[in-house]
Amino acid sequence: MATKNKKKRFAAFINGRWVKEGSQGTFENINPADTRDVVGVFPACGPEEVAEAVAAAKEAYESWRLVPAPKRAEIIRNAANLLIKHKERIAQQMTREMGKILDETRGDVQEGIDTGFYASGEGRRLFGDTVPCELPNKFGMSVRMPIGVCGMITPWNFPLAIPTWKIFPALVCGNTVVFKPATDTPATAVELVEILLEAGLPPKCINLVTGSGSSVGNAIVDHPDVRVISFTGSTEIGCKINERAGAKLKRVSLELGGKNAQIVMDDADMELALEGVLWGAFGTTGQRCTATSRLILHKKIHDKFVEKLIERAKKIRIGNGLDPKTQMGPLVSKAQRENVKRYVEIGVNEDKAELVLGGKELTQGPYAHGWFFEPTIFVNVKPKMRIAQEEIFGPVLAVLRAKDLDDAIRILNDTPYGLSSSIYTRDVNAAFKAMRDIEAGITYINGPTIGAEVQLPFGGVKGTGNGHREASHTVLDIFTEWKSIYVDYSGKLQRAQIDVQAG
Ligand code: UN1
């Protein structure tokens, strides 16, 4: 990796202009695989820039909402095509920016492309209802209306896909956007905004405000002209956002933490289940909201499965994600690695689980300058232990033992979260029982907990969110408001049934 590079300056995009200076100075974006490599220097913005961005988005809304939805959608389709064109370059930069391996950053861009095509299709649907009216010569329908300025606060683990989940459908619906990306991944955000502009989006419809959560995020959440807040990140921050925005009756969509589990029953295809958990737990270095952080094994296959799992996890090739041979990149930042280390200590000391693989940071040789950590497995984990309850967001897998299907589902449900889940079994009855009884927004049968597709709703129950679902057509419920319209073409006053028949 390059040790010397000229620090590239990046800009925020506010009120139709690229702005290099932030009112709070600048911040650096560092390559987590090699901290000597500075990806770029970004403006640290604050409430002033947010106010300007919101004013621009509010002004743009007045004309954007009147552009026919199929035309708005064409711009999003153009953006998806441009993402195809620039996929490789964006993926390379994303790996440098946040560490996950190239195959995964390509996948991240692909998810943005898929979202673009899906959302642009909605420009020719945006279905409402027409329904019969109870009076003659009267017509009833419901239509989806845009809401206004939407504040999008996005995480670093899917630096392109997650912003597109929010921004693309919001724009198709006729809203305008103020976008605050995570401070670990602002370069990908700049790419996305450039692409939207090149695709033909009127500039003031998208505003990119880089900077910290405390100065930019809070200002967006508090601004009275931001009508919708869409946030993906930790449950802790999500709850705070919900309180602040809830006090102003804003619409808030939250996609928060997970403690996702994979169940393996004694009749499962063991090889398939093994591949599933290796991918689910250690893919993206365990830094997906949907990552498998618990493995619930039927007691009959427990020991053998653990043995094979350790053997296979040992062989995972860790390194710089830009190297095509690498299977697992670094953690995104020092803070993230400290957090993972802290949880390993909790597992060993407080919880007294048995650490059977990994548990250490990698600091020597090729790992000397990055935030690398070994794939880590704990066994003898009990459901109430902290490492079985709390989101770790790293390559740490807690293995639990179950007596039977009911016990496995009970253990799976026994956390504050409910995002993704999985069961490996060949028994169709067990599979259907799991589909019904698992408390989660997503359940996979014979597949890992990661890998959601954009045409199905994405989100979770309990501590994972507040009931909204991104992706699919369900995302439209976040970014539109229903309006019911009655057209009376009788030419006379007609009273509704309740008023005519009263008394
Ligand atoms: C996330 O982890 O925040 O289902 C999103 C998946 C991806 C999206 C993950 N399509 O694994």
Side-chain angles (χ1 to χ4, degrees), residues 83 87 91 94 98-101 103-119 152-169 181-182 184-185 188-189 230-238 253-262 275-294 328-329 331-332 336 391-397 417-422 440-461 463-466 468-472 474-475 478:
L83 284 172
K87 180 173 175 179
M94 196 192 297
M98 56 72 72
K100 66 184 176 184
I101 63 172
D103 275 351
E104 293 181 8
T105 50
R106 288 182 189 123
D108 193 317
V109 182
Q110 187 57 48
E111 191 153 342
I113 295 165
D114 297 341
T115 299
F117 288 131
Y118 188 87
M152 316 301 200
I153 304 175
T154 60
W156 46 262
N157 66 337
F158 276 82
L160 190 92
I162 292 181
T164 66
W165 288 1
K166 302 178 192 302
I167 293 172
F168 286 175
D184 285 316
T185 52
T188 307
S230 176
F231 170 76
T232 299
S234 72
T235 298
E236 190 195 344
I237 306 278
S253 163
L254 302 169
E255 203 275 282
L256 310 174
K259 193 68 193 172
N260 316 296
Q262 173 179 318
E275 281 175 18
V277 69
L278 286 162
W279 173 225
F282 304 119
T284 324
T285 323
Q287 301 171 113
R288 292 197 196 196
C289 316
T290 49
T292 310
S293 57
R294 295 178 299 150
M328 192 176 102
L331 290 159
V332 74
Q336 206 56 34
E391 185 172 50
I392 300 175
F393 231 63
V396 181
L397 181 68
Y417 299 107
L419 180 55
S420 188
S421 57
S422 146
I442 304 170
T443 296
Y444 292 89
I445 309 297
N446 293 327
T449 60
I450 66 177
E453 301 179 26
V454 304
Q455 65 279 16
L456 272 82
F458 186 93
V461 302
T464 293
N466 61 346
H468 289 286
R469 292 290 183 271
E470 298 190 293
S472 174
T474 50
V475 72
I478 301 173

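The figures here come from the full heavy-atom set of this structure, side chains too, leaving out hydrogens, waters and symmetry mates. Whatever order the structure lists them in is the order used to number ligands and atoms, beginning at 1.
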Determine, considering heavy atoms only, which of Cys289, Gly258, Ala452, Pro448 sits nearest to atom 3 (O) of ligand 1. Cys289

Once you restrict to heavy atoms under 4.0 Å, what part of Thr232 touches ligand 1? Side chain, backbone, both or neither. neither

For atom 9 (C) of ligand 1, what's the nearest protein heavy atom and its distance? Phe158 CE1, 3.5 Å

One finds that the ligand 1 atoms under 4.0 Å from a non-hydrogen atom of Ile450 are 11 (O)

Any N/O pair Arg288/ligand 1 closer than 3.5 Å: yes

Cation over ring, Lys166 on Phe231, under 6.0 Å and within 45°? no

Is the shortest heavy-atom distance from the side chain of Leu419 to the side chain of Thr449 under 4.5 Å? no

Does a side-chain heavy-atom distance below 4.5 Å link Glu111 with Thr164? no

Go through the steps to decide whether Met94 and Lys100 satisfy the test side-chain contact (heavy atoms from CB on, under 4.5 Å), and finish with yes or no. CA-CA 8 Å; Met94 196 192 297; Lys100 66 184 176 184; 4.1 Å; yes

Any atoms of ligand 1 less than 4.0 Å from a non-hydrogen atom of Asn157? List them with their elements. 1 (C), 2 (O), 3 (O)

Pull out every atom of ligand 1 sitting under 4.0 Å from any heavy atom of Ile162, numbered as shown with elements. 3 (O)

Please state whether Thr284 comes within less than 4.0 angstrom of ligand 1, counting heavy atoms only. no

Could you check whether Thr154 and Thr232, counting side-chain N and O atoms only, form a donor-acceptor pair closer than 3.5 Å? no

So does Thr290 get a backbone contact from the side chain of Ser420, meaning a donor-acceptor N/O pair under 3.5 Å? no

Please report the shortest heavy-atom distance between Thr185 and Pro155, naming the atom on each side. OG1-O, 3.9 Å

Is Thr290 close to ligand 1, meaning an N/O of one under 3.5 Å from an N/O of the other? yes

Note: heavy atom closest to atom 10 (N) of ligand 1, options Glu470, Glu453, Glu111, belongs to Glu111

Among protein heavy atoms, which lies nearest atom 6 (C) of ligand 1, and at what distance? Gly451 N, 3.2 Å

What class does the angle between the rings of Phe458 and Trp165 fall in, given that below 30° is parallel, 30 to 60° is tilted and above 60° is perpendicular? tilted

